[in-house]
Structure formats: C-alpha cells, structure tokens
Amino acid sequence: MAQLSNQELEGVLSNSECLITTAEVNAAYDKLAAQLNLHYAGLNPIVMVVMNGGLIPAGQLLTRLNFFHRMEYIHATRYRDNQATNELQWKMRPNADLKDEHVLLIDDIFDEGYTLKAIVDELKTQNPTTLNCCVLLNKLHDRKVPNFKADFVGTEVVDRYIYGCGMDYHGYLRHLPGIYALKE
C-alpha cells in the first residue's frame, strides 16, 4: 500500500464530511455492549477480533463488557490495495480450539459480507457451540451476500466509501472516532 503524505491526508480530511459523530458512535457502542452483556451473561465466550478493521470497535466494546471472556484475534482479508478480490487470504488463523465454545466475532462493518461470511464458514468447521457476529456498522445497500447477516449491529450507514472507527482510507485514518466520507 502506497504511503500518503501528511499534506495529502490533510487534504482528504478537509474534503470530507462526518456522517456519524463521535457521540453517535459512542451511543452505538453502548447499545451493542448492552445487548452483548445480556446475551453472553454466564457463557464465558471467546471474543475474536477480526483484524484490522475490528481492532477499534473491539477496543471500545471490550471496556464496556461485564461478562467474563477470553480474547483472540484473526486476520483475514479479501482486499488487495483497497480492491476487493474473490479470494480470502488468511494472515492469521485462530489459535484457540473453538469446539464447544461460544464465539463472538467483532468487526468494523457489515458491507457486502463476503469476507465475514467466509470467516464464519471457516470457523464453523471447528464446531463452536455458537458463533455470532458483532459489527459497529451495517452499510445500507442491496449487494449483501445471500443468507447471511450480522447478529449484533451498532448502527447503520449510507452506501458510501467511509473511513474512521477501524475502517481505513488507503491504510490511514482508522483511528478517527467518527465515521467520515469524502464530500460528494
């Protein structure tokens, strides 16, 4: 991935608009945490972060969870140089044995869902007791992978190229606490 200059990144930010504010994102994290705390009470699940996008949402959510859990991470992607491909590339497979475990995947967004579904299909081969997906955002469009959806969704976002809260702009800007898009 090509390095962008600070001047280029400042230009991106000045030509962007905030679609979901930090306060709205925090409200979405609070809502998700309340749902997860209710659902996973007493289940002692494995919380599995999908890198890189799930890092920021997981970091925000984990401090809000009040049930005991273990944390793992995986790294799989279908993207090369910001372009989607049809092939799932595993950069880090799960280390934990998932058989008879409750597993919660945390990712940044449910966009088309092909990557998340491929991850779920792979993890299901280990026969977990339950396997659910939690995402901060659900992008609103009709290009979703058939017969699959996220189990826990923080909030919805319009169908635009977005960044912030774990999602990147050419490898940058994942750290932003709100959701942004280039101005139309």
Side-chain angles (χ1 to χ4, degrees), residues 1-4 9 12-13 16 18-22 24-29 31-33 35-36 46-65 69 71-95 103-123 131-141 143-145 148-182:
M1 188 169 296
Q3 181 178 6
L4 299 178
L9 292 166
V12 168
L13 288 175
S16 296
C18 182
L19 301 179
I20 303 176
T21 66
T22 302
E24 291 168 325
V25 169
N26 282 327
Y29 287 135
K31 177 185 115 181
L32 280 172
Q35 293 173 340
L36 295 172
I46 294 174
V47 175
M48 190 165 289
V49 181
V50 180
M51 302 295 277
N52 288 325
L55 178 63
I56 301 295
Q60 296 295 320
L61 274 172
L62 289 173
T63 60
R64 291 168 162 91
L65 301 180
H69 61 273
M71 193 179 118
E72 295 282 334
Y73 71 95
I74 58 173
H75 193 175
T77 183
R78 291 186 323 111
Y79 288 84
R80 313 282 186 282
D81 297 324
N82 259 11
Q83 299 295 316
T85 69
N86 290 328
E87 180 184 343
L88 184 69
Q89 178 186 11
W90 284 95
K91 294 184 173 183
M92 178 66 185
R93 292 183 175 272
N95 280 328
V103 178
L104 172 64
L105 283 174
I106 297 179
D107 206 353
D108 50 1
I109 188 167
F110 182 56
D111 192 341
E112 293 181 359
Y114 288 95
T115 303
L116 199 54
K117 183 179 184 312
I119 291 169
V120 166
D121 289 346
E122 173 79 14
L123 297 182
L131 176 57
N132 292 313
C133 298
C134 171
V135 295
L136 174 61
L137 300 171
N138 177 43
K139 191 180 272 188
L140 298 172
H141 58 69
R143 301 182 308 277
K144 304 285 188 191
V145 63
F148 183 77
K149 64 177 186 162
D151 303 285
F152 302 95
V153 174
T155 190
E156 297 182 326
V157 66
V158 295
D159 187 16
R160 292 175 62 181
Y161 181 90
I162 57 174
Y163 56 90
C165 296
M167 291 159 285
D168 73 303
Y169 179 86
H170 299 281
Y172 292 91
L173 307 174
R174 291 181 188 274
H175 68 287
L176 297 175
I179 303 297
Y180 295 83
L182 292 174

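Owing to the predicted nature of the structure, the values given are computational and were not obtained by experimental measurement. Quick note: numbers below take in every heavy atom, side chains included, and nothing from hydrogens, waters or symmetry partners.
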Colleague: Testing the basics here: between Cys165 and Pro177, what is the closest heavy-atom pair and its distance to 0.1 Å?
Modeller: SG-O, 3.5 Å
Colleague: Do Asn52 and His75 come within less than 4.5 Å of each other through their side chains, counting heavy atoms only?
Modeller: yes
Colleague: Any donor-acceptor pair under 3.5 Å linking the side chain of Lys139 with the backbone of Arg160?
Modeller: yes
Colleague: What pairs with Tyr29 under ring pair (Phe, Tyr, Trp, His ring centres under 6.0 Å), at least two apart in sequence or on another chain?
Modeller: none
Colleague: Could you measure the distance from the CD1 atom of Ile106 to the CG atom of Leu65? Nearest 0.5 Å is fine.
Modeller: 6.5 Å
Colleague: Do Lys144 and Asn138 have side chains that approach each other closer than 4.5 Å (heavy atoms only, starting at C-beta)?
Modeller: yes
Colleague: Any chance you could measure Glu72, atom CD, to Ile46, atom CD1, to the nearest 0.5 Å?
Modeller: 6.0 Å
Colleague: Does any N or O in the side chain of Lys31 come within less than 3.5 Å of the main-chain N or O of Gly154, such that one atom is a donor and the other an acceptor?
Modeller: yes
Colleague: Determine the interplanar angle of the Tyr163 and Tyr180 rings, folded into 0 to 90°, and report it as parallel if under 30°, tilted if 30 to 60°, perpendicular if over 60°.
Modeller: parallel
Colleague: Below 3.5 Å, can you tabulate the donor-acceptor pairs from side chains in residues 113-123 to any protein atom, sequence neighbours excluded?
Modeller:
unit_1: Thr115; atom_1: OG1; unit_2: Arg78; atom_2: NE; d: 2.9
unit_1: Lys117; atom_1: NZ; unit_2: Asp121; atom_2: OD2; d: 2.8
unit_1: Glu122; atom_1: OE2; unit_2: Arg93; atom_2: NH1; d: 2.8

Colleague: Is Leu55 close to Arg174 at the side-chain level, that is, under 4.5 Å between some pair of heavy atoms?
Modeller: no
Colleague: Counting C-beta onward and ignoring hydrogens, is there a side-chain heavy-atom pair between Asp168 and Leu173 closer than 4.5 Å?
Modeller: no
Colleague: When rounded to the nearest 0.5 angstrom, what distance separates CG in Asp151 from CD in Gln35?
Modeller: 10.5 Å
Colleague: Enter the distance from Cys18:SG to Ile179:CD1 here, rounded to the nearest 0.5 Å.
Modeller: 8.0 Å
Colleague: Indicate yes or no: at least one non-hydrogen side-chain atom of Leu4 is less than 4.5 angstrom from one of Tyr169.
Modeller: yes
Colleague: Applying the side chain to side chain contact (heavy atoms under 4.5 Å, CB included) criterion to Leu136, which one of Val25, Ile20, Asp108, Ile109 satisfies it?
Modeller: Val25
Colleague: Could you tell me which non-hydrogen atom of Phe110 sits nearest to which non-hydrogen atom of Lys149, and how far apart they are?
Modeller: CZ-CA, 3.8 Å
Colleague: Do the side chains of Tyr161 and Leu182 get nearer than 4.5 Å, heavy atoms only?
Modeller: no
Colleague: Check whether any side-chain heavy atom of Val47 lies under 4.5 Å from a side-chain heavy atom of Leu36, and answer yes or no.
Modeller: no
Colleague: Any heavy-atom pair between the side chains of Asp159 and Leu140 that's under 4.5 Å?
Modeller: no
Colleague: Shortest non-hydrogen contact from Gly53 to Asp107?
Modeller: C-OD1, 3.9 Å
Colleague: Would you name the heavy atoms of Ala76 and Leu88 that are closest together and state the gap between them?
Modeller: CB-CD1, 3.8 Å
Colleague: To the nearest 0.5 Å, what is the distance between CD1 (Ile56) and CE (Met167)?
Modeller: 10.0 Å
